[in-house]
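Everything on this sheet refers to the single structure shown next.
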Amino acid sequence: MKERIIMIGANGQIGSELATALRSRFGAENVITSDIREPHALKEDEIFEIINVLDKSALKSLFEKYKPTQVYLLAAMLSATGEKYPQKAWDLNINGLLHVLDLALELGIKKIFWPSSIAVFGPHSPKQYTDQYCVMDPVSIYGVSKLAGERLCEYYHHKYDLDIRSIRYPGIISWKTAPGGGTTDYAIDIFIEALKHGQYACFLSANTALPMLYMEDAVRGTIELMDTPSEQISIRSSYNLAGLSFTPAEIAEEIKKILPNFEMSYVDYDPRQAIADSWPASIDDSFARKDWSWEPKFDLASITEDMIANLKTNV
Ligand code: AKB
């Protein structure tokens with residue numbers, strides 16, 4: 001079957017790179033990107049539409065116009081911004097998802113991708129190699145909305161047979177598009193500041209280990225999951241997915257191997273520390289490995305090299 005994809009929230013960190021990969025796979029004419037704002041750049045053959053996922057009737061018109069076979073819903077408010085605007089975060093993260101799920105049923109759209117996050121875990125979840133199934137008591141509104149969203153996804157799959165797939169993304173590291181309002185953003189800021197100013201004041205403490213993933217792995221993993229035959233998908237809430245885990249002190253050391261004069265300091269207080277402290281330090285992703293042969297390629301050394309090489313000419 002010929003696929004036609006609509007991506008919502010396509011201007012963000014993941015969307016902008018995932019859209020490029022999907023366009024080269026399915027053809028630019030079959031990937032329609034959308035967001036609440038115009039993108040910075042658009043090539044001649046790329047199709048883009050302004051959409052607010054909270055406007056259900058506009059969303060319905062968009063789906064009726066393009067008749068997608070797949071929808072990628074990436075519009076979301078992340079952990080740090082969510083704490084500033086909890087009601088808006090809940091509204092966007094949950095009602096946006098419900099609009100897509102309900103319209104998918106109404107219009108017969110079969111396949112949906114929706115991202116969850118390691119934010120679904122909380123202080124009583126195991127800290128190391130956090131299991132797919134364990135105590136989940138998220139403390140941020142972002143985590144609460146992602147956990148509720150996961151339950152909705154599984155519910156719509158079981159009740160209505162919607163083919164919905166999801167990944168609990170860790171912090172995603174990339175150089176092309178900046179993330180917005182996350183707790184893991186330091187792992188990108190650090191490279192930009194190291195190259196621009198030779199120093200970085202980190203908002204997380206030196207020994208805060210968090211799960212992370214390089215963008216190239218994240219894009220490949222997402223497409224691999226979407227390619228997997230439906231009967232192999234054993235998890236319809238959201239898959240744990242691991243790349244690597246490191247602390248601010250460890251990434252600073254790695255950067256110093258390439259930029260020996262780089263200096264790292266740590267701020268005394270930042271509200272993002274409490275969010276990070278409630279999240280896992282590392283993730284057990286054995287279901288993804290078993291169900292769709294997931295395997296990350298990038299480690300801390302290769303990420304650091306690639307980030308610095310690419311940002312050097314861009315900052
Ligand atoms: C955030 O920090 O909020 C996100 C995430 C881990 O989902 N990057």
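It should be emphasised that the depicted structure is a prediction, and the values quoted were computed from it without experimental measurement. One-based numbering, in listed order, for ligands and for the atoms of each.
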I'd like to know if [X] and [Y] make a salt bridge, using a cut-off of under 4.0 Å between side-chain N and carboxylate O.
X	Y	value
Arg25	Asp227	yes
Asp45	Lys43	no
Glu193	Lys196	no
Glu46	Arg23	yes

Looking at Phe113, I'd like to know if the NZ or CZ of Arg165 sits under 6.0 Å from its six-membered ring centre while staying within 45 degrees of the ring's axis. no

Heavy-atom contacts with [X] under 4.0 Å: which atoms of ligand 1 show up? List them by number with element.
X	value
Trp279	1 (C), 2 (O), 3 (O), 6 (C)
Ser79	1 (C), 2 (O), 3 (O)
Ser117	5 (C), 6 (C), 7 (O)
Leu78	3 (O)
Tyr142	3 (O), 5 (C), 7 (O)

Could you find the nearest protein heavy atom to atom 2 (O) of ligand 1 and give me its residue, atom name and distance? Thr183 N, 2.7 Å

Among all protein heavy atoms, pick the one closest to atom 4 (C) of ligand 1 and tell me residue, atom and distance. Thr184 OG1, 4.0 Å

With sequence neighbours excluded, tell me which residues meet ring pair (Phe, Tyr, Trp, His ring centres under 6.0 Å) with Phe262. none

